[in-house]
Amino acid sequence: MLTRKQSELLRFIHERLKETGVPPSFDEMKDALFLRSKSGIHRLIIALEERGFIRRLPNRARALEVLRLPDSSTPADSSRSKRFAPSVIEGTLGRVRAWVQSDSGDDLERSTISIPVMGRIAAGTPIAALQNRSHTISLPPDMLPPGDYYALEVRGDSMIDAGIFDNDTVVIRKQDTAETGDIVVALIDDEEATLKRLRRRGASIALEAANPAYETRIFGPDRVRIQGKLVNLVRKY
């Protein structure tokens, strides 16, 4: 599933390539989508590339190739494309149980990590987070770096350009520090939590949305506590 802006950009690139054989410039894409800066276009292109809709050709300026359109079930060239596939997670931390089918067709038990879903997190206007555990999801250990984890259900659309949509479930590694650029669960004034990209601006902390409709919010360091870092997500179709 693509966001409206991602779909608009993909079709604009596709039509321009059909007409001229040359991809549009970043300025042309920015103007066509009525965005204020080229950084928004850059994020959209990365999202489209991660999902396998376009490919950037190396060592060539403005070189983009459309691999497939949203209504196409398969890439134009599946041998060359790199399709985005959110990790499908189902189902209390420390419990280990899952199955994989062997070559003979038998079900063999293998380990998974069960992760508690602790409520809802806002990708938009901050709401309360880390509520009582509602259920669990399970993920193979090789898909997670070392650490302790919890999950939260996303509400809001402020992170759509980072590929995080309303009703997604985000998997969070518990940690109280983060680097600039990390997507984190940030607790504001010990009352409200939100999912945003962290930016450090001197002694201040900026919580940056990935949607141009939302403003970046800046706080003093004593007002924000990091509750964890995004490491994976789950999407239901």
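Sequential numbering from 1 along the given sequence is applied to the chain's residues.
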Same cluster (ILVMFWY, side-chain, under 4.5 Å), M118 and L230: yes

CA sep, side-chain torsions, deciding dist, call: F219, I188, side chain to side chain contact (heavy atoms under 4.5 Å, CB included): CA-CA 9 Å; F219 301 91; I188 304 169; 3.7 Å; yes

Any donor-acceptor pair under 3.5 Å from R55 side chain to E65 backbone: no

Approximate separation, where rounding is to 0.5 Å, of Y149 OH and I172 CD1: 10.5 Å

Path from I218 to V184 over hydrophobic side-chain contacts below 4.5 Å: no

Shortest non-hydrogen separation from V224 to A186 and the atoms involved: CG1-CB, 4.0 Å

Stepwise side chain to side chain contact (heavy atoms under 4.5 Å, CB included) check, I45 with L64: CA-CA 9 Å; I45 286 177; L64 294 172; 4.3 Å; yes

same_hphob_cluster(V66, F26) at 4.5 Å side-chain heavy-atom cutoff: yes

Euclidean distance, D168 CG relative to L195 CG, rounded to 0.5 Å: 10.0 Å

Salt bridge flag under 4.0 Å for residues R11 and E15: no

Donor-acceptor contact present, side-chain K196 to main-chain I183, <3.5 Å: no

Derivation and outcome, side chain to side chain donor-acceptor pair (under 3.5 Å), residues R235 and N167: CA-CA 8 Å; R235 180 165 301 145; N167 294 321; over 6 Å; no

Exercise: identify the closest heavy-atom pair between V22 and L17: C-CD2, 3.8 Å

Spacing of CZ belonging to R225 relative to CG belonging to L187, to within rounding of 0.5 Å: 5.0 Å

Pairwise distance CG(L44) to CG(L10) - rounded to 0.5 angstrom: 10.5 Å

From CA spacing to verdict: side chain to side chain contact (heavy atoms under 4.5 Å, CB included), R155, D166: CA-CA 5 Å; R155 293 295 180 267; D166 187 41; 3.8 Å; yes

V154 vs I164, side chain to side chain contact (heavy atoms under 4.5 Å, CB included): CA-CA, chis, key distance, verdict: CA-CA 8 Å; V154 175; I164 303 169; 4.0 Å; yes

Salt-bridge present (E49, R51; N to O < 4.0 Å): no

Straight-line distance of L152 CG to I115 CD1, nearest 0.5 Å: 11.0 Å

Spatial distance of atom CG (L198) from atom OG1 (T177) [nearest 0.5 Å]: 10.0 Å

Heavy-atom check, side chain of I41 versus side chain of K5, under 4.5 Å: no

Identify all side-chain donor-acceptor contacts of residues 203-213 below 3.5 Å with residues at least two apart in sequence or on another chain.
unit_1	atom_1	unit_2	atom_2	d
E208	OE2	R199	NE	3.4
E208	OE2	R199	NH2	3.4
N211	OD1	A213	N	3.0
N211	ND2	D157	O	3.0

Under 3.5 Å donor-acceptor, E28 side chain and S25 backbone: yes

From K229, R173, R200, residue fulfilling salt bridge (charged side-chain N to carboxylate O under 4.0 Å, His left out) relative to D182: K229

Side-chain heavy atoms of L9 within contact of F53, under 4.5 Å: no

Lys/Arg N to Asp/Glu carboxylate O, D189 vs R223, below 4.0 Å: yes

